[in-house]
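The next block holds one structure in the form of structure tokens; read it before the comments.
Order of the sequence lines fixes the chain letters, A, B, ..., with proteins taken first and strands second; residue numbering starts at 1 for each chain.
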Protein chains: 2
Amino acid sequence: MTTTTRRGPYAKSAAVRRRILEACVDAFGETGFHGATMKDIAKRAGISHTGLLHHFARKEDLLAALLDLRAERGARILELTGALDPSAKPIEALQGMLTVLVDNELQPGLMELHCVLSGEATSPEHPAHRYYTERYRNLRLFYTRAFTALDERGELRSAFDPATLATMTIALINGLQAQWLFDRNSVEIVGAVRGFLQSVIPAMDR
Amino acid sequence: MTTTTRRGPYAKSAAVRRRILEACVDAFGETGFHGATMKDIAKRAGISHTGLLHHFARKEDLLAALLDLRAERGARILELTGALDPSAKPIEALQGMLTVLVDNELQPGLMELHCVLSGEATSPEHPAHRYYTERYRNLRLFYTRAFTALDERGELRSAFDPATLATMTIALINGLQAQWLFDRNSVEIVGAVRGFLQSVIPAMDR
DNA sequence: CCTACCGATCGGTAGG
DNA sequence: CCTACCGATCGGTAGG
């Protein structure tokens with residue numbers, strides 16, 4: 001087979017789908033799911049409206065594919081930073097999350113996307129409602145495991161229980177990112193989160 | 001004048017405008033500014049589409065009036081709780097904000113509205129962008145003044161400066177409210193915020 | 001406040 | 001029978 005010259009239809013299709021989903025990050029990030037239009041997304045992706053519909057028959061399919069991609073990438077990054085097991089390596093897990101926060105600031109489009117979509121998805125009828133409900137639940141589970149492990153090792157100094165600390169950490173991160181999107185000079189996301197974690201975990205001095 | 005029987009056009013108009021803005025809280029809260037439709041808002045308010053256009057010619061006018069009303073009510077509540085001057089009475093100011101949080105939980109529709117709109121308003125082109133930019137800035141100013149006053153009295157125990165503490169407090173509140181909207185059983189807003197404030201202000205033991 | 005509409009644009013589909 | 005689209009247009013609805 002002449003694999004060097006021939007690309008095949010699948011390779012092309014995958015590249016187009018990638019361009020489409022990149023366009024979705026911008027479109028959904030700017031006006032949300034409701035405000036975005038299929039025709040605008042097609043234009044941003046550089047294909048025709050019907051070309052877009054060939055790949056994604058409905059607007060909801062577009063959102064589902066985008067959220068799948070984001071969840072997949074998020075899991076992969078955590079794996080690379082070795083922060084997958086918060087119970088066994090809680091400090092590494094929390095520092096891995098800080099690394100993700102640093103990375104997020106380099107991709108403001110993705111932060112805006114999650115900020116806008118999670119706001120819209122508050123309504124139970126929103127196509128991303130289940131996604132964000134589970135995302136929050138999984139994040140609380142992740143942080144609760146890390147704080148519980150630290151507590152059992154006697155490395156937690158806080159009046160709050162691990163579960164409440166988990167909820168607070170997530171809230172702090174999301175709230176800081178939201179403020180940062182409105183005023184990038186007045187908010188220092190990573191420093192504040194790291195400082196908060198250090199204030200309850202003496203061993204986390206780096 | 002027969003003030004008892006006659007109401008006059010202004011009284012009726014004001015009542016209709018109130019019903020319209022109440023409908024807007026639900027409509028904008030459920031699908032955001034972009035997702036909401038003028039015809040749906042009219043239906044919720046119990047008037048015709050064109051009747052709505054008589055009171056508010058454009059969708060943006062509706063949003064502006066709603067945000068004005070919210071800002072006005074928020075200022076009035078703070079005034080009533082005697083928390084208007086964070087520099088002179090910092091503890092009272094912070095406890096006043098806690099009172100507002102308690103009140104917010106009784107009006108989930110308003111919390112959803114702000115969550116959805118502030119997410120959408122991340123984009124500079126959004127009609128509420130300026131409103132939320134200034135809202136965040138004013139809130140940071142309010143909390144910074146309270147924490148600065150406490151610091152000068154030697155009542156602040158934190159590695160963070162007052163401005164950073166202000167940003168973090170606001171972030172915590174917004175983030176907790178967002179999570180609460182997705183899972184009301186797993187998140188305890190007021191307790192977490194009060195605990196956070198108590199952890200940096202020993203004098204705030206109530 | 002209503003009926004009667006407008007230019008345009010919506011998400012989605014036709015045949016090729 | 002497949003893919004990766006295209007130009008044109010469907011019935012309905014948006015804000016005004």
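- Nucleotide dG12(C) holds its P atom 10 Å from the CG atom of Leu62(A), rounded to whole Å.
- We find that CD1 of Ile47(A) is positioned 16 Å from P of dT3(D), with the value rounded to whole Å.
- In this entry the distance linking CG of Leu53(A) with P of dC10(C) reads 13 Å, nearest Å.
- Nearest-nucleotide positions on DNA chain C place His49(B) closer to the 5' end than the other of Phe33(A) and His49(B).
- In this structure, Glu30(A) pairs ionically with Arg44(A), as a charged nitrogen and a carboxylate oxygen lie closer than 4.0 Å.
- Side-chain atoms of Ser48(A) lie closest to dC5(D) of the nucleotides dC1(C), dC5(D), dG15(D).
- Remark: Asp40(B) does not engage Lys43(B) in a salt bridge, criterion side-chain N to carboxylate O under 4.0 Å.
- Comparing dA4(D) with dG16(C), their C1' atoms sit 13 Å apart, to the nearest whole Å.
- In this structure, CD1 of Ile41(B) is placed 17 Å from P of dT13(D), rounded to the nearest angstrom.
- Between dT13(C) and dG7(D), the two C1' atoms lie 13 Å apart (nearest whole Å).
- In summary, Arg76(B) and Glu72(B) engage in a salt bridge, as defined by a charged side-chain N under 4.0 Å from a carboxylate O.
- For the C1' atom pair drawn from dT9(D) and dG11(C), the interatomic distance equals 13 Å after rounding to whole Å.
- Side-chain proximity of Arg58(A) to dG15(D), dG12(C), dC5(D): nearest is dG12(C).
- The distance between atom CG of Leu63(B) and atom P of dG15(D), rounded to the nearest whole Å, is 13 Å.
- Rounded to a whole angstrom, the distance from the C1' atom of dA14(C) to that of dC6(D) is 12 Å.
- Side-chain proximity of Lys39(A) to the nucleotides dC5(D), dG16(D), dC10(C) is greatest for dC10(C).
- The distance from atom NE2 of His54(A) to atom C1' of dC2(D) is 10 Å, rounded to the nearest whole Å.
- In summary, the side chains of His114(B) and Tyr132(B) do present a donor paired with an acceptor at a separation below 3.5 Å, with no hydrogens or angles considered.
- Phosphate proximity of dA4(D) to His55(A): absent, as no side-chain N or O sits under 4.0 Å from OP1 or OP2.
- In this structure, Lys59(A) places its NZ atom 16 Å from P of dT9(C), rounding to the nearest Å.
- A straight line from CD of Glu60(A) to C1' of dG12(C) spans 14 Å, rounded to a whole angstrom.
- The base of dG15(D) does not come close enough to the side chain of Thr37(B) for any donor and acceptor atom to sit less than 3.5 Å apart.
- Ala36(A) comes within contact range of the sugar-phosphate backbone alone, with a heavy-atom separation under 4.0 Å but no base atom that close.
- Listed pair Thr50(B) / dC1(C) fails the phosphate criterion, with no side-chain N or O lying under 4.0 Å from OP1 or OP2.
- Between Asp85(A) and Arg145(A) there is no salt bridge, since no side-chain N of the basic residue sits under 4.0 Å from a carboxylate O of the acidic one.
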